[in-house]
Number of protein chains: 2
Amino acid sequence: MAVTDEAITKIKDMILSGELSAGDRLPPEKELSEKLGLSRSSLREAVKALEIIRVLDVRRGDGTYVTSLEPKLLTEAMTFIVDLHQDKSILDIFEVRRILEPAAASIAAGRISLEQLAALRATMEDISEATSVESLVEHDLVFHGLIAAAANNSYLSSILDALSSSTVRARIWRGLTQERAVDRTLAEHNSIIEALERGDAELARALLTVHISGVENWLRQAL
Amino acid sequence: MAVTDEAITKIKDMILSGELSAGDRLPPEKELSEKLGLSRSSLREAVKALEIIRVLDVRRGDGTYVTSLEPKLLTEAMTFIVDLHQDKSILDIFEVRRILEPAAASIAAGRISLEQLAALRATMEDISEATSVESLVEHDLVFHGLIAAAANNSYLSSILDALSSSTVRARIWRGLTQERAVDRTLAEHNSIIEALERGDAELARALLTVHISGVENWLRQAL
DNA sequence: CAATTGTATTGGTCTGATGTTTGTCCGGGT
DNA sequence: ACCCGGACAAACATCAGACCAATACAATTG
């Protein structure tokens with residue numbers, strides 16, 4: 001194994017063993033490189049790799065820290081990967097979303113707060129068939145993100161966030177505007193909000209299934 | 001933004017734009033570093049970061065290539081992250097598994113092949129309450145992995161694989177052996193196989209829900 | 001006491017040299 | 001014609017050392 005990969009493993013092990021915990025600061029690069037027995041350049045490659053998956057947080061002029069390691073941080077790393085995997089099998093991604101989104105909505109129906117409901121309703125304002133694609137994408141991201149967040153499970157919302165990379169969404173909304181299906185989609189969003197307001201878990205689940213399936217079917221024939 | 005991060009973005013964009021496709025070889029480090037306007041050292045940090053999330057494949061003495069970018073590769077990257085996130089909120093992870101595993105089993109019931117069924121049955125051989133924890137973990141990983149694979153959705157099985165890091169599994173099985181709950185768990189596995197053999201999607205879904213919930217409840221009281 | 005300035009610490013980047021591995025080509029032997 | 005081995009080139013791996021830039025913190029100053 002290359003020295004850099006060894007360093008990655010060693011740092012990972014230090015975290016797993018508890019020698020390093022969330023928020024802890026690592027020794028300076030020079031010191032750590034000597035301790036691990038490799039050059040600073042090689043160590044930096046290892047640190048960079050751990051930084052991109054949000055395990056380490058490097059602050060110039062300050063030091064390198066272990067991140068909070070909250071599940072939320074999983075999102076960014078996963079999004080990065082899913083972004084690159086797009087086009088490969090969007091339908092597979094939709095199949096997973098069709099499983100998770102209704103489940104999230106169902107859970108959310110029993111837990112969602114008034115503030116979150118208000119935020120959901122707010123996303124519907126100023127949105128219509130005439131709205132720009134960028135705004136629609138933004139609305140959609142926030143809308144589904146809020147529902148996932150209301151389910152109160154960081155892993156669940158992180159995974160859903162990642163599976164709905166904005167790049168993919170943008171293309172879909174672009175297609176929807178051409179197909180003049182925007183108001184149907186927005187009407188579905190409205191129904192979902194109403195179900196959540198009533199705390200109707202079963203209805204919320206069903207509406208999400210229909211909603212995702214609708215887009216999925218449009219996608220299927222578009223490909 | 002630092003030059004290294006710029007390089008990461010640029011390489012990512014080259015892949016997204018199609019300038020680089022799966023399997024393509026990147027220019028040599030020296031050449032690419034000049035093209036992107038940074039030193040070789042900094043470029044190497046960028047490459048290392050993309051290598052760890054399985055976007056690039058570096059072959060010493062040969063060159064650097066874009067990986068196949070198959071969803072399967074998502075697993076390794078995600079597992080690495082989830083491994084580090086363990087202990088933080090295992091129950092959240094179980095909640096997601098309780099959503100995905102039954103869905104996967106339900107889909108698998110209609111698609112599973114005879115070979116896959118045989119493989120599933122094979123995992124039950126030589127397994128009993130007396131078996132070592134290592135073997136039980138191995139059995140469990142393969143068992144659930146096969147079901148996920150039978151659902152024939154790479155993203156689904158990748159995510160499930162990642163959520164079931166062997167580190168977590170090991171600890172759970174260790175607990176189960178102490179609680180003498182091993183044969184109940186194995187009996188549930190048997191029932192699941194039978195449901196899949198009959199192609200009974202609804203039953204498979206229910207059994208998986210019960211199965212995951214059972215472990216989940218044990219975990220809840222153990223924490 | 002607050003604002004400013006200095007300075008040490010720490011990460012960011014570059015350069016250039018050297019080691020290691022791999023792929024390829026070519027010549028000799030069968 | 002085929003196979004094998006060595007030489008060579010290409011490409012990544014690693015290191016050492018230098019200098020830049022941002023930050024934290026203590027000292028200074030008003």
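Here is the naming used below: chain letters follow the sequence lines, and residue numbers restart at 1 for every chain.
In this structure a side-chain-to-backbone donor-acceptor pair under 3.5 Å is missing from B/Thr123 to B/Phe143. Of the possible polar contacts, one joining the B/Ser158 side chain to the B/Pro71 backbone as a donor-acceptor pair under 3.5 Å is found.
When the side-chain nitrogen and oxygen atoms of B/Thr64 are compared with OP1 and OP2 of D/dA11, none of them lie within a distance under 4.0 Å. Considering only side-chain N and O atoms, A/Thr4 lies nowhere under 4.0 angstrom from the phosphate OP1 or OP2 of D/dA13.
Just one of B/His189, B/Glu125, B/Glu134, B/His144 meets the side-chain hydrogen bond (donor to acceptor under 3.5 Å, both in side chains) condition when paired with B/His139; it is B/His189. When B/Met14, B/Lys10, B/Arg40 are each tested for a side chain to side chain contact (heavy atoms under 4.5 Å, CB included) with B/Leu32, only one passes: B/Met14.
Among the atoms of the strands shown, base atoms are found under 4.0 Å from some heavy atom of B/Ser41. Within the nucleic acid shown, A/Arg40 comes within 4.0 Å of at least one base atom, counting heavy atoms only. Among the atoms of the strands shown, base atoms are found under 4.0 Å from some heavy atom of A/Arg44.
Contact check on A/Lys48 versus B/Asp5 returns a salt bridge, with a Lys/Arg side-chain nitrogen under 4.0 Å from an Asp/Glu carboxylate oxygen.
Positionally, the nearest nucleotide of DNA chain D for B/Gly63 lies more toward the 5' end than for the other of B/Gly63 and A/Arg60. Comparing A/Lys48 and B/Gly61 by the nucleotide of DNA chain C whose heavy atom lies nearest to each, the residue mapping closer to the 5' end is A/Lys48.
Nucleotide D/dC12 holds its P atom 12 Å from the CD atom of A/Glu45, rounded to whole Å. For the pair B/Arg25 CZ and C/dT22 C1', the computed distance is 10 Å after rounding to whole Å. Summarising the geometry, the separation between CD on B/Glu29 and P on D/dT14 is reported as 11 Å, rounded to the nearest angstrom. Rounded to whole angstrom, the span from the CG atom of B/Leu38 across to the C1' atom of D/dC20 amounts to 16 Å. The CD-C1' distance, from A/Glu31 to C/dT10, rounds to 11 Å in whole Å. A/Tyr65 has its OH atom 11 Å from the C1' atom of C/dT9, to the nearest Å. Atom P of nucleotide D/dC25 and atom CG of A/Asp62 are separated by 8 Å, given to the nearest angstrom. Separating the CD1 atom of A/Ile8 from the P atom of D/dA13 is a distance of 12 Å, rounded to the nearest angstrom.
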